[in-house]
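Take a look at the structure below.
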Amino acid sequence: MTISFKGYTRIGFAAAIGLATSASMPAHAQEKSPIKIGLMLPYKGVYAPLAVNIDQGFQIALEEYGNKASGRPIEIIRADDELTPSVGVQKFNKFVQSDQVDLVAGVVGSNVGIAISELADKNKMPMVFVNAFADEITGKFCSPYIARTSFSANGFEYASGKYWASKGVKTAVTMGPDYSAGRAFIGGFKRGFEDNGGKVIEEIWTPFQKTKDYSAALTQAGNSGAQIIYAFYAGAEAIQVVKQHADFGLRSKIPLIGDHWVYDEALWPALGDLALNAQHVATHYPGIPTEANQKFVKAYNAKYKQDPDVSAELGYDNGKAIMLTLEKLGGQMPEDRTKFISTMRDLTFDAPRGKIKFNAQNSALLEKVYVIEIVKGPDGKMQRKSLDQFPGAGDLPGCTKSF
């Protein structure tokens with residue numbers, strides 16, 4: 001695999017000779033040119049830990065195929081979108097116009113995902129989102145050039161809200177960052193919770209990427225009278241929320257429940273014992289007793305000397321879906337690039353998190369959601385213990401295109 005952050009290339013005399021030589025090469029030799037994948041992730045900033053682990057999981061998937069698809073090498077060209085829509089647009093345009101990639105993968109932030117969805121459609125460039133969970137991605141902004149290998153916010157959080165309501169939790173206060181993904185995740189939880197008898201007493205929104213002080217929000221939540229705080233935060237923001245929740249003495253008063261990003265394994269060194277006994281929902285944990293998961297965990301441990309977290313698993317799914325699609329297409333990008341996405345949509349495969357298949361809008365579905373408690377294992381180290389599991393929910397309607 002060739003790893004490159006390359007920018008513009010000057011084509012001079014030597015390149016002209018190269019092009020002339022290439023033109024005289026037999027067809028089978030030309031077919032061995034690399035397949036270029038633009039991998040866009042926020043390598044710096046609040047979601048940087050997620051980006052690193054997604055990238056590592058992505059590499060594990062490609063290495064399963066020897067970094068080749070039907071004999072063609074894979075070249076990864078990385079770009080940092082800085083979790084900023086305008087930067088994501090610039091980097092996407094560079095992928096298309098300068099790097100001339102065959103497809104684009106990655107993207108964590110839904111704000112970035114929404115910004116480049118229309119660009120992918122306009123440029124007829126296959127865009128395979130790894131995260132970008134906002135329901136609009138495969139709803140309002142659906143496109144035959146767009147797929148998502150993870151899941152929608154509603155598919156994950158509606159099922160979570162339904163679960164907690166079924167366990168006797170009647171009232172909740174929600175907390176989340178005020179941007180597209182935060183609204184989508186918390187909105188999914190609220191719909192699932194209230195459709196099944198629960199009541200969200202208050203919704204508290206905090207500025208995204210602009211604060212480290214959650215005291216006012218946590219004080220408001222603590223005084224709400226609700227049974228639980230249900231939160232969506234990730235990266236550095238999750239660390240601050242969990243720590244300040246404990247600092248204000250709220251652990252015994254109102255539990256902080258959320259999803260896997262609030263208590264991400266990558267955050268455990270910073271959280272210490274504050275993560276112990278926390279319960280959350282997750283789409284993956286290293287102990288899932290399936291052949292596909294154990295193979296992935298073993299390969300990840302061998303390469304990175306640690307267990308994969310949920311971001312690494314999502315990165316693996318992204319890479320695996322791309323490689324399976326390229327293999328099915330004989331290592332060739334079809335002239336009509338919608339066929340790349342429609343071929344991916346027809347895939348069904350066993351991923352570490354469970355079986356993956358796609359809906360008609362090219363969004364992967366969740367076969368299972370796991371309820372996890374963080375405990376200490378026999379070796380004294382923290383590990384995840386599965387308490388329960390349930391199926392994910394469907395996506396919200398909104399896609400008006402037919403493909």
Residue pair Asp55 / Tyr43, side-chain donor-acceptor N/O under 3.5 Å: yes
Within 6.0 angstrom of Lys381 NZ, more than 12 heavy atoms from elsewhere: no
Aromatic ring pairing Tyr179/Tyr47, orientation class (parallel under 30°, perpendicular over 60°, tilted between): tilted
side-chain contact (heavy atoms from CB on, under 4.5 Å) evaluation trace for Asp317 with Arg353: CA-CA 9 Å; Asp317 293 346; Arg353 76 183 196 218; 3.1 Å; yes
Short side-chain to backbone donor-acceptor contact, Ser110 and Gly113, under 3.5 Å: no
Heavy-atom check, side chain of Leu314 versus side chain of Phe133, under 4.5 Å: yes
Between His260 and Phe156, ring centroids under 6.0 Å: yes
Flag if over 12 foreign heavy atoms under 6.0 Å of CD, Gln220: yes
Side chains of Asp195 and Tyr158, donor plus acceptor under 3.5 Å: yes
Donor-acceptor contact below 3.5 Å, side chain Glu237 vs main chain Pro177: no
Arg384 bridged to Glu265 by N-O distance under 4.0 Å: yes
Gap between atom CZ of Phe129 and atom CG of Asn131 - 0.5 Å precision: 10.5 Å
Donor-acceptor pair, side chain of Glu203 and main chain of Lys190, under 3.5 angstrom: no
Polar contact flag, side-chain donor to acceptor under 3.5 angstrom, Thr138-Arg148: yes
Donor-acceptor contact below 3.5 Å, side chain Thr84 vs main chain Glu82: yes
Side-chain donor-acceptor pair present, Asp395, Ser152, cut-off under 3.5 Å: yes
Donor + acceptor pair across side chains of Asn53, Ser311 (<3.5 Å): no
Donor + acceptor pair across side chains of Asn154, Arg191 (<3.5 Å): yes
Polar side chain donor-acceptor pair, Asn111 to Ser180, under 3.5 angstrom: no
Backbone N/O of Gln227 and side chain of Thr171: donor-acceptor pair under 3.5 Å: yes
Candidate pair Ile322 and Met344, rule side-chain contact (heavy atoms from CB on, under 4.5 Å), full reasoning: CA-CA 7 Å; Ile322 289 170; Met344 179 176 288; 4.0 Å; yes
SB check Lys357 Asp346 (cutoff 4.0 Å): no
Arg251 and His245: CA distance, side-chain angles, deciding distance, side-chain contact (heavy atoms from CB on, under 4.5 Å) verdict: CA-CA 7 Å; Arg251 296 191 78 189; His245 174 259; 3.8 Å; yes
Tyr214/Tyr233 under ring pair (Phe, Tyr, Trp, His ring centres under 6.0 Å): CA gap, chis, key distance, verdict: CA-CA 12 Å; Tyr214 297 89; Tyr233 287 100; 5.6 Å; yes
Exam field: side chain Lys124 to backbone Asp121, donor-acceptor pair closer than 3.5 Å: no
Verdict with supporting geometry, Tyr370 and Thr283, side-chain contact (heavy atoms from CB on, under 4.5 Å): CA-CA 6 Å; Tyr370 304 92; Thr283 58; 5.7 Å; no
Asp81 and Lys91 ion-paired at < 4.0 Å: no
Modelled atom types, side-chain donor and acceptor of Thr338 and Asp336, under 3.5 Å: yes
OH on Tyr316 to CD1 on Ile60, rounded to 0.5 Å: 9.0 Å
Parallel, tilted or perpendicular: ring planes of Trp261 versus Phe232, cut at 30 and 60 degrees: perpendicular
Whether Asn359 side chain and Ser363 backbone form a donor-acceptor pair below 3.5 Å: yes
Side chain proximity check, Lys68 to Ile35, heavy atoms < 4.5 angstrom: no
Salt-bridge contact Asp99-Lys36 (side-chain N to carboxylate O under 4.0 Å): no
Polar side-chain atom of Glu194 near backbone of Val200 as donor-acceptor pair, under 3.5 Å: yes
Under 3.5 Å: donor-acceptor pair, side chain of Gln244, backbone of Lys212: yes
Residue pair Phe248 / Ser215, side-chain heavy-atom distance below 4.5 Å: yes
Short side-chain to backbone donor-acceptor contact, Asn362 and Ile146, under 3.5 Å: yes
Between Tyr300 and Gln56: side-chain donor-acceptor atoms closer than 3.5 Å: yes
Test: Asp350 and Lys295 ion pair at under 4.0 Å: no
